[in-house]
Number of protein chains: 2
Amino acid sequence: MSDFKRLDPLLHSQHRLAVMSLLIGVDSAEFVFIKEKTGATAGNLSVQLDKLSSAGYISVSKSFRGKKPVTTCSITKQGIKAFEMYVDALKQYIQ
Amino acid sequence: MSDFKRLDPLLHSQHRLAVMSLLIGVDSAEFVFIKEKTGATAGNLSVQLDKLSSAGYISVSKSFRGKKPVTTCSITKQGIKAFEMYVDALKQYIQ
DNA sequence: TAAAGTAGTTTATAAAATAAACCAAATATT
DNA sequence: AATATTTGGTTTATTTTATAAACTACTTTA
């Protein structure tokens, strides 16, 4: 068998990893903020947030501020666990 | 602009990263050994080695031991540099 | 000498990433 | 007041990547 633990493919993706990295440090963050910090395009980010959300790694809520739509994301317990396990596995590769 | 450095897509791949991780610790390694250690299938490994080799990250030499073909791989200077830069960038995401 | 094993490569398919096009509403411009 | 632009996204299409399956060439074993 392999010496290397598998890397959760949902997290082993630059943009999704950046999103998770961001969210793990804050209570919540908004779409536009995440977009700027990660450098993703809106379309790409939309897709990646969907994937993380479908996996239960983040929760996404849509509302309005005044008249503008606001998409707010937070990492879930499950997301934190998955992130930690990913980081743990990854260390095997880079140490 | 983005807070996150880009992750070299050639290295940000489970199997190729495992190969590089292995090779950085040894002088050279053979196809079959790498295959076992990384858990890749032969077909997949063949493809991934080609990519790393085309990028100049590893060098591949083919010879025979007795009558059996032996494919030997080593990491190149450029490969070491790329790996180090990748690890450095990655740390931003996981720390 | 036929079957199975070794050491891979090539090709086809599935999955993922990314970009481009689009939508709805709000705000700014002429 | 109409038109253009911006904001905040989503959807769809295209490209790229990963993976698996099939194949090649040769060797060893039964």
Side-chain angles (χ1 to χ4, degrees), chain A residues 2 4-22 28-55 57-73 82 86 89 93, chain B residues 1-2 4-22 28-55 57-74 82 86 89 93:
Chain A
S2 165
F4 295 93
K5 279 185 206 146
R6 90 182 263 280
L7 299 173
D8 182 346
L10 213 79
L11 295 182
H12 197 62
S13 136
Q14 177 168 178
H15 285 304
R16 287 194 299 272
L17 191 61
V19 169
M20 294 293 280
S21 177
L22 252 182
S28 71
E30 294 175 8
F31 189 96
V32 174
F33 177 80
I34 297 173
K35 178 163 131 26
E36 277 163 12
K37 288 290 180 181
T38 63
T41 61
N44 195 0
L45 183 55
S46 181
V47 170
Q48 306 312 331
L49 290 180
D50 270 1
K51 289 190 186 179
L52 290 172
S53 172
S54 296
Y57 288 2
I58 66 172
S59 69
V60 176
S61 77
K62 278 135 204 292
S63 60
F64 283 85
R65 171 156 39 250
K67 292 173 176 174
K68 287 184 184 169
V70 182
T71 298
T72 307
C73 308
Y86 170 78
Y93 291 75
Chain B
M1 248 277 107
S2 165
F4 295 92
K5 278 185 208 147
R6 91 182 262 280
L7 300 173
D8 182 344
L10 213 80
L11 294 183
H12 197 62
S13 135
Q14 177 168 179
H15 286 303
R16 287 193 299 271
L17 190 61
V19 169
M20 294 293 281
S21 176
L22 252 181
S28 71
E30 294 175 8
F31 189 96
V32 173
F33 177 81
I34 298 173
K35 177 163 129 27
E36 277 163 12
K37 289 289 181 183
T38 63
T41 61
N44 195 0
L45 182 56
S46 181
V47 170
Q48 306 313 331
L49 290 180
D50 269 1
K51 290 190 184 179
L52 290 171
S53 171
S54 296
Y57 289 3
I58 67 172
S59 68
V60 176
S61 76
K62 278 134 204 294
S63 61
F64 283 84
R65 172 157 35 250
K67 292 173 176 175
K68 287 185 184 169
V70 181
T71 298
T72 305
C73 308
S74 348
Y86 170 78
Y93 292 74

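The side chain of B/Lys51 lies closest to D/dT17, out of C/dA7, D/dT7, D/dT17. For B/Arg16, the listed nucleotide lying nearest its side chain is D/dA18; candidates were D/dT27, D/dA18, C/dA7. The nucleotide whose nearest atom lies closest to any side-chain atom of A/Phe31 is, among D/dT10, D/dT28, C/dT11, D/dT10. Side-chain atoms of B/Val47 lie closest to D/dT19 of the nucleotides D/dT19, D/dA18, C/dT27.
We find the CG-CE distance between B/Leu17 and B/Met20 to be 8.5 Å, quoted to the nearest 0.5 Å. Residue A/Tyr57 holds its OH atom at 3.5 Å from CG of A/Asp8, rounded to the nearest 0.5 Å.
Salt-bridge annotation for B/Arg65 and B/Glu30: present, with a side-chain N of the basic residue lying under 4.0 Å from a carboxylate O of the acidic one.
Per the geometry, CG belonging to A/Asp50 stands 11 Å off C1' belonging to D/dG9, to the nearest Å. Rounding to whole angstrom units, CD of residue A/Glu30 and P of D/dT7 are separated by 15 Å. For the pair B/Leu17 CG and D/dT17 P, the interatomic distance rounds to 16 Å; values are reported in whole Å. Put simply, CG on B/Asn44 is 15 Å from P on C/dG8, counting in whole angstrom units. Rounded to whole Å, atom P of C/dT6 lies 18 Å from atom CZ of B/Phe33. If you measure from atom CG of A/Leu7 to atom P of D/dA18, you get 13 Å, rounded to the nearest angstrom. For the pair A/Gln14 CD and C/dA17 P, the interatomic distance rounds to 11 Å; values are reported in whole Å. When the C1' atom of D/dT10 is taken as reference, atom NZ of A/Lys35 falls 14 Å away, rounded to whole Å.
Dashed line: the shortest gap from a side-chain N or O of A/Thr41 to OP1 or OP2 of C/dT18 is not under 4.0 Å. In this model, the phosphate group of D/dT10 is approached by a side-chain N or O of A/Lys62 to a distance below 4.0 Å at OP1 or OP2. Put simply, A/Arg65 has no side-chain N or O that comes within less than 4.0 Å of OP1 or OP2 on D/dT7. For B/Ser46, no side-chain nitrogen or oxygen approaches OP1 or OP2 of C/dG8 to under 4.0 Å. Taking only side-chain nitrogens and oxygens, B/Ser13 comes nearer than 4.0 Å to OP1 or OP2 of D/dA18. Within the 4.0 Å cut-off from OP1 or OP2 of C/dT27, not a single side-chain nitrogen or oxygen of A/Lys68 is found. Note on A/His15: every side-chain N or O is 4.0 Å or more away from OP1 and OP2 of C/dA17.
Between A/Leu45 and A/His15, the closest side-chain pair of non-hydrogen atoms is not below 4.5 Å. In this structure, A/Tyr86 and A/Leu7 have side chains that are in contact, with non-hydrogen atoms separated by less than 4.5 Å.
Of the residues near DNA chain C, A/Gly43 and B/Val70, the one whose nearest nucleotide (by heavy atom distance) lies more toward the 5' end is B/Val70.
Checked against B/Leu52 for a side-chain contact (heavy atoms from CB on, under 4.5 Å), the options B/Val60, B/Leu10, B/Val47 give a single hit: B/Leu10.
Base contact: B/Gln48 has a heavy atom under 4.0 Å from a base atom.
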